[in-house]
Number of protein chains: 2
Amino acid sequence: MKISSAESVVMEALWRRSPLTSEAIMAEVCEPQGWTEGTVKVLISRLLKKKAVGAVAEGRRYLYSPLVSRQAYVGSESQGLLDRLFDGRLAPLVAHFSDSDKLSPQDVAELKALIEKIGK
Amino acid sequence: MKISSAESVVMEALWRRSPLTSEAIMAEVCEPQGWTEGTVKVLISRLLKKKAVGAVAEGRRYLYSPLVSRQAYVGSESQGLLDRLFDGRLAPLVAHFSDSDKLSPQDVAELKALIEKIGK
DNA sequence: CCTCTTGGATGACAGCTGTCAACGATGTGA
DNA sequence: TCACATCGTTGACAGCTGTCATCCAAGAGG
């Protein structure tokens, strides 16, 4: 069901490009995260058990692919945050960033363009 | 450091109104969450150990208050999500909701009003 | 055919989380 | 003063997480 934080690093690799062998996954995540191969192997098998990734045999090994889309993952994470903290609405979140001076002029411009496009 | 999900329910009660006795906290959270008193007691003491709440003696018991502001908590949770999933920027998050048809006309109107106010 | 390598499965383990019950000190009311 | 209620502290325990090492089967090379 739930994809943990470390697991999501593996998922991100697969969302960028798939299918991948475990070797390729390790090549992408071990160095940046400072993980050994053992760690990645366990993350992959936990993701398999959770049915978040699938595997097809390719000779003596597997090719792994996401079974959960990034869209769906990002959607449920975002919605969860909104529900927990902002009454499920988006505007209060944006207001929070604005109130905390976390918005650069560029952010504001991007948002403005976006909203106009949506409103259209 | 990190406030867990169950702990945040207790924090929300204290952010609404504080200081509170443990009795008052239980009155607010036990029923909605289906928790027994034991559960809440442990959550309070873990929050104390984490220095997320403080306590002052009042007779034979304590009055609890938040030491972490909701502002700060909400800020770090939101920033964390943005960093993990949206490259740290707000516009892609909003775009995601728009792309998934999760924005009601009211949401769009609220956002529009907000952006205009910010831009000013 | 035998050995070396490689990849997956498993076991291990500590720390955090959610959940609750039992204990012990300390007031409270009769 | 003595039993009773109350509140905080502890212990317990299962499940999830992050992290790694070890084992085993199966190919690959000689």
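Lettering of chains follows the sequences in order, A, B, ..., and the numbering in each one begins at 1.
Ion pair A:Arg70/A:Glu12 flagged as a salt bridge, since at least one NZ, NE, NH1 or NH2 atom sits closer than 4.0 Å to an Asp/Glu carboxylate oxygen.
Taking the screw axis at each terminus of the helix from C:dC1-D:dG30 to C:dA30-D:dT1 from five consecutive base pairs, the angle between the two is 20° to within rounding of 10 degrees.
Whole-Å rounding puts the A:Met11 CE to D:dG18 C1' distance at 18 Å. The NZ atom of B:Lys2 sits 15 Å away from the C1' atom of D:dC16 (whole-angstrom rounding). Rounded to whole Å, atom C1' of D:dT19 lies 14 Å from atom CE of A:Met26. Atom pair B:Lys41:NZ and C:dA25:P shows a separation of 15 Å (rounding to whole Å applied).
Sequence neighbours left out, the pairs with a member in residues 8-43 of chain B that pass ring pair (Phe, Tyr, Trp, His ring centres under 6.0 Å) are B:Trp15-B:Tyr73. Identified under the salt bridge (Lys or Arg N to Asp or Glu O under 4.0 Å) test for residues 94-107 of chain A, with sequence neighbours left out: none. Residue pairs meeting the ring pair (Phe, Tyr, Trp, His ring centres under 6.0 Å) criterion with at least one member in residues 94-120 of chain B: none, sequence neighbours excluded.
For the contact set between residues 27-37 of chain A and DNA chain D, defined by any heavy atom under 4.0 Å, the members are A:Trp35, A:Thr36. Residues from residues 13-23 of chain B placing a heavy atom under 4.0 Å of any atom in DNA chain D, listed by number, are B:Ser22, B:Glu23. Taking a 4.0 Å limit (strictly below) on heavy-atom distances, residues 42-65 of chain A reaches DNA chain D at A:Val42, A:Arg46, A:Lys50, A:Arg60.
The hydrophobic cluster of A:Leu67 has no other members, since no ILVMFWY side-chain heavy atom comes under 4.5 Å of it.
Heavy-atom neighbours of B:Gln33 CD from other residues, nucleotides or ligands within 6.0 Å: above the threshold of 12. Environment of NZ in B:Lys50: crowded, with over 12 heavy atoms of neighbouring residues, nucleotides or ligands closer than 6.0 Å.
Judged by distance alone, with hydrogens and angles left aside, the side-chain atoms of A:Ser98 form no donor-acceptor pair with the main-chain N or O of A:Val94 at under 3.5 Å.
Every residue two or more places apart in sequence or in another chain that forms a side chain to side chain contact (heavy atoms under 4.5 Å, CB included) with B:Ala24 is listed here: B:Leu20, B:Thr21. Under the side chain to side chain contact (heavy atoms under 4.5 Å, CB included) criterion, B:Thr36 pairs with B:Thr39, not counting sequence neighbours. B:Gln106 pairs by the side chain to side chain contact (heavy atoms under 4.5 Å, CB included) definition with B:Ser104, B:Glu110, not counting sequence neighbours. Taking the side chain to side chain contact (heavy atoms under 4.5 Å, CB included) definition, one finds that A:Ala95 meets it with B:Leu114, sequence neighbours left out.
Dashed line: the shortest gap from a side-chain N or O of A:Thr39 to OP1 or OP2 of D:dC20 is under 4.0 Å.
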Evaluate the criterion side-chain contact (heavy atoms from CB on, under 4.5 Å) for residue pair A:Gln71 and B:Ser100; output intermediate values, then yes/no. CA-CA 9 Å; A:Gln71 179 79 192; B:Ser100 333; 3.4 Å; yes
